[in-house]
Amino acid sequence: MKRFALLAVLLFGALLVYGTTDFPDWGDPSSPAATHVSPHYIRHSLEETAVPNIVTAVLADYRGYDTMFETSVIFTAGLACFFLLRVFARKAPDSRLYRHRATGITLRIEQGGRLPEGAREFERIDSQWVPYDLIIRTACRLVLPFIQLFALYVVAHGHHSPGGGFQGGVIFGAAVILYAISHDLRSTLQMLPERRTVLMSAGGVLIYAGTGLICLLLGAQFLDYAALAGILGVDPIMARSHGIFIVEIGVAIAVMAVMVSLYYNLASVGRFDEGL
Amino acid sequence: MDIVFLSAAVFLALVMALTLYRAIAGPTVLDRMIGVNAIGSKTTAMLVLIGLIYHKVDMFVDIAIAYACLNFIAVLAASRYFQKKKGLYDEPQEE
Amino acid sequence: MLDILVTLLLILGLVFFLGGSIGILRYPDFYSRLHPAGKLDSLGLLLTMSAMALYTVGQWNLGAVLAAVKIMLIVVFVFITSPTATHAIVDAGVRAGMRPWTRSKEGSEHDLAA
Amino acid sequence: MNDSSQMETTCASSPPGSVKEPVKSRRFGLAFWLTFAISMATWMVLSGLFDVFHLTLGVIGCAIVADLNARAMWPDVKLGHTLRQWRRFVAYVPWLLWQVWLANLHLLRLTFHPRMMQLINPRIVSFKSRIHNQMGMFILANSITLTPGTVTVFASVMGRFTVHAIDDASARALPGEMEDRVAKIFED
């Protein structure tokens with residue numbers, strides 16, 4: 001069976017390689033992709049949208065529908081994973097560990113018992129517990145602000161450099177995951193609760209679609225950001241540039257929230273009790 | 001100068017291929033992780049080299065920073081995962 | 001002049017990278033493989049990145065200087081994160097109870113006493 | 001070999017400072033503005049665009065980052081104190097880089113040596129450090145990892161370092177001069 005699978009993969013790979021021989025040459029000016037719409041984008045995107053990066057202009061403006069549905073695909077995927085992985089049945093864990101903050105004495109409480117709410121000097125720790133790792137925590141404390149700042153930079157500078165909503169969202173989500181790895185799931189959930197991640201992923205899509213809807217209400221076509229000129233108080237060309245930026249923020253929020261929500265679900269096997 | 005950068009990039013790719021052996025063969029999971037981590041740190045340099053070859057350093061530097069961040073997070077996550085969930089205890093012990 | 005310096009630094013860095021890779025292949029066990037992986041790669045990165053930053057600075061305009069500073073930012077980042085990643089891997093190994101490779105008894109005892 | 005270190009970590013794993021309740025620092029205190037200033041400098045380097053629009057975005061982004069991280073980054077910050085530590089740390093870096101260079105030459109020689117297996121003698125050693133400052137221990141641990149044939153296996157919060165050394169010379173050199181220099185950064 002394994003050999004058959006290998007053979008199938010190799011055959012399919014060979015077929016794909018054979019298929020590439022009919023592709024137009026790299027950079028061929030007479031290829032279908034380069035004859036119809038590409039010249040228009042290359043010549044006019046800067047003057048029409050005031051975005052130096054053609055890719056961003058094409059992605060979020062000319063092909064705005066496409067990107068909107070990509071964002072909703074990500075949102076739907078996050079939702080599907082949520083429904084698949086999240087365990088709602090309240091099955092109490094076999095035992096919980098609590099540690100006394102001052103002395104480090106650890107208590108094990110069996111059969112779903114909990115400490116009384118007022119016991120402030122105890123903190124919950126994971127049952128399969130990785131000890132306090134000074135080096136990793138300090139390194140993450142130093143590195144996290146930089147990663148977050150870089151993620152915001154990538155979102156904000158999608159117009160001028162490679163990047164944009166998707167990439168920035170992924171990096172910011174990775175920063176949250178880094179926090180969860182270096183500390184634990186519990187403290188991360190206090191900072192960014194499960195409910196908020198789901199709301200944010202929906203809100204990101206809402207920002208995107210809502211921008212399009214506002215354009216529609218203002219009498220232009222769906223996602224025609226030039227209509228926003230009146231609201232933003234700039235000329236239509238700059239309005240398109242700013243519209244792209246608003247949409248990118250929506251994408252970034254959605255991607256970040258979906259990524260973090262996925263991590264929560266996967267790391268805690270859907271229980272949100274103890275994590276990786 | 002382009003030829004210098006190009007040959008450096010090719011050499012770097014060969015060095016990465018050497019490390020790939022450890023990532024594929026290397027008897028335990030942790031050996032594989034060392035291999036992958038080494039490839040990751042070389043890739044950061046590789047990305048900047050590619051930027052120099054294409055005369056677009058300012059663009060590729062951003063990608064290199066993003067790659068460095070994600071590489072670090074990936075290695076940390078993998079080691080934490082194997083430490084906590086998967087259990088490295090039944091790995092073959094080499095002598 | 002600048003080109004020669006850049007080339008020398010680049011070659012030096014690549015030598016360290018090569019040493020790192022060969023070390024990862026040659027050393028006997030997981031713990032000792034971490035030494036070339038953690039150290040030689042960091043220094044190789046420092047040297048190659050300095051070479052590239054120098055070359056970029058050589059063009060001497062604002063964008064190039066900022067790009068060079070960014071390249072050095074990567075180096076700082078790697079010098080914080082690379083030892084941490086090494087430590088994370090070795091920590092996982094220790095907790096898994098992996099025995100480190102050691103030389104046979106007699107030689108090492110004698111050496112330490114001397 | 002590592003039983004003792006693991007015992008210690010499971011028994012006394014909370015850092016010495018965390019016993020007392022953490023001091024609630026103000027939201028927009030000194031820590032916030034320090035983080036903000038550093039982030040803004042980093043943003044300028046990253047961005048390279050100095051028009052009003054992008055600078056405004058930078059201010060917003062840095063405010064978000066500073067608000068998220070300031071209190072975790074600097075639990076207690078006193079300006080003169082921190083600046084003095086930074087100055088000493090900057091003075092420490094060139095020495096560290098020189099040590100890294102020497103260590104790498106040593107390791108490179110070992111790696112390419114034909115009789116490498118006879119030269120190395122890996123072992124795990126542990127020593128007690130007198131540094132109790134978190135940041136100091138972090139710097140010491142990472143410096144150990146970067147320099148002569150040694151990799152930090154574990155650094156317990158009580159100041160016990162477990163180190164894997166590749167050969168006799170590296171094992172003998174521990175903790176050595178490096179600990180003194182790191183301790184000097186944080187002494188007051």
Side-chain angles (χ1 to χ4, degrees), chain C residues 15-16 18-32 34-44 46-47 62-70 72-73 76 79-87 89-91 93-95 97-104 107-108 111-112 114, chain D residues 1-3 5-6 9 41-42 44-50 93 96-97 100-101 103-114 116-125 138-139 141-155 162-172:
Chain C
V15 167
F16 279 105
L18 179 70
S21 290
I22 290 183
I24 289 175
L25 293 183
R26 272 192 83 192
Y27 278 103
D29 80 328
F30 149 71
Y31 290 97
S32 37
L34 275 165
H35 291 261
K39 281 187 271 274
L40 291 175
D41 277 6
S42 308
L43 191 65
L46 172 67
L47 291 171
L62 183 66
V65 172
L66 284 180
V69 177
K70 274 191 214 177
M72 292 326 279
L73 212 62
V76 173
F79 264 73
I80 295 175
T81 56
S82 161
T84 312
T86 310
H87 161 75
I89 298 175
V90 77
D91 198 37
V94 168
R95 280 179 208 293
M98 284 183 153
R99 271 170 285 129
W101 180 91
T102 43
R103 278 249 301 282
S104 52
S108 60
D111 281 351
L112 203 63
Chain D
M1 93 276 152
N2 51 35
D3 283 346
S5 71
Q6 286 197 343
T9 56
T42 318
M44 301 265 210
V45 169
L46 285 174
S47 157
L49 298 167
F50 301 105
V93 168
L96 178 68
L97 285 180
V100 170
W101 171 251
N104 277 287
L105 283 186
H106 176 68
L107 198 64
L108 203 65
R109 196 180 64 85
L110 274 182
T111 308
F112 285 117
H113 204 284
M116 184 259 297
M117 294 299 254
Q118 274 91 56
L119 283 178
I120 64 170
N121 184 14
R123 76 195 47 199
I124 289 188
V125 293
F138 170 71
I139 293 174
N142 275 4
S143 307
I144 287 174
T145 305
L146 282 170
T147 47
T150 46
V151 167
T152 308
V153 174
F154 194 81
T162 315
V163 176
H164 183 263
I166 192 90
D167 60 358
D168 295 327
S170 331
R172 234 177 280 130

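Here is how names work: the chains are called A, B, and so on, in the same order as the sequence lines, proteins then strands, and each is numbered from 1. Note: hydrogens, waters and symmetry copies are ignored here, and every other heavy atom, side chains too, is used. Keep in mind the model is a prediction, meaning the values are calculated, not measured.
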**Request:** Find the distance between CZ (Arg26(C)) and CG (Leu110(D)) and round it off to the nearest 0.5 Å.
**Result:** 9.5 Å
**Asked** Which heavy-atom pair separates Ile22(C) from Thr111(D) by the least distance, and what is that distance?
**Response** C-CG2, 4.1 Å
**Request:** Identify the heavy atoms of Leu146(D) and Pro83(C) that sit nearest to each other, and give their distance.
**Result:** CG-CG, 3.9 Å
**Prompt:** What is the minimum heavy-atom distance between Val100(D) and Leu43(C), and which atoms define it?
**Reply:** CG1-CD1, 3.9 Å
**Asked** Is Phe79(C) close to Leu96(D) at the side-chain level, that is, under 4.5 Å between some pair of heavy atoms?
**Response** no
**Request:** Give, for atom CZ of Phe112(D) and atom CG of Leu18(C), the distance between the pair rounded to the nearest 0.5 Å.
**Result:** 4.5 Å
**Request:** Against chain D, label Leu62(C) side chain, backbone, both or neither, depending on which of its atoms sit under 4.5 Å from a heavy atom there.
**Result:** side chain
**Item:** Taking every non-hydrogen atom, the tightest pair across Val15(C) and Leu108(D)
**Value:** CG1-CD2, 4.1 Å
**Fill in**
Sequence neighbours excluded, the answer for side-chain contact (heavy atoms from CB on, under 4.5 Å) partners of Thr86(C) is Leu34(C), Ser82(C), Thr145(D), Val151(D)
**Request:** Taking all heavy atoms of Ile166(D) and all of Ser32(C), pick out the closest pair and write down the distance.
**Result:** CD1-CB, 3.4 Å
**Message:** I want to check something: taking the side chain as every heavy atom from C-beta on, are Phe138(D) and Ile80(C) in contact at a cut-off of under 4.5 Å?
**Reply:** yes
**Item:** Part of Leu97(D) within contact of chain C (heavy atom distance under 4.5 Å)
**Value:** side chain
**Request:** Find the one option among Leu66(C), Val90(C), Thr84(C) whose heavy-atom pairs under 4.5 Å with chain D are most numerous.
**Result:** Leu66(C)
**Residue, of Val153(D), Asn104(D), Leu46(D), that accumulates the most heavy atom pairs under 4.5 Å with chain C** = Asn104(D)
**Message:** Please enumerate all residues that pass ring pair (Phe, Tyr, Trp, His ring centres under 6.0 Å) together with Tyr27(C), with sequence neighbours excluded.
**Reply:** none
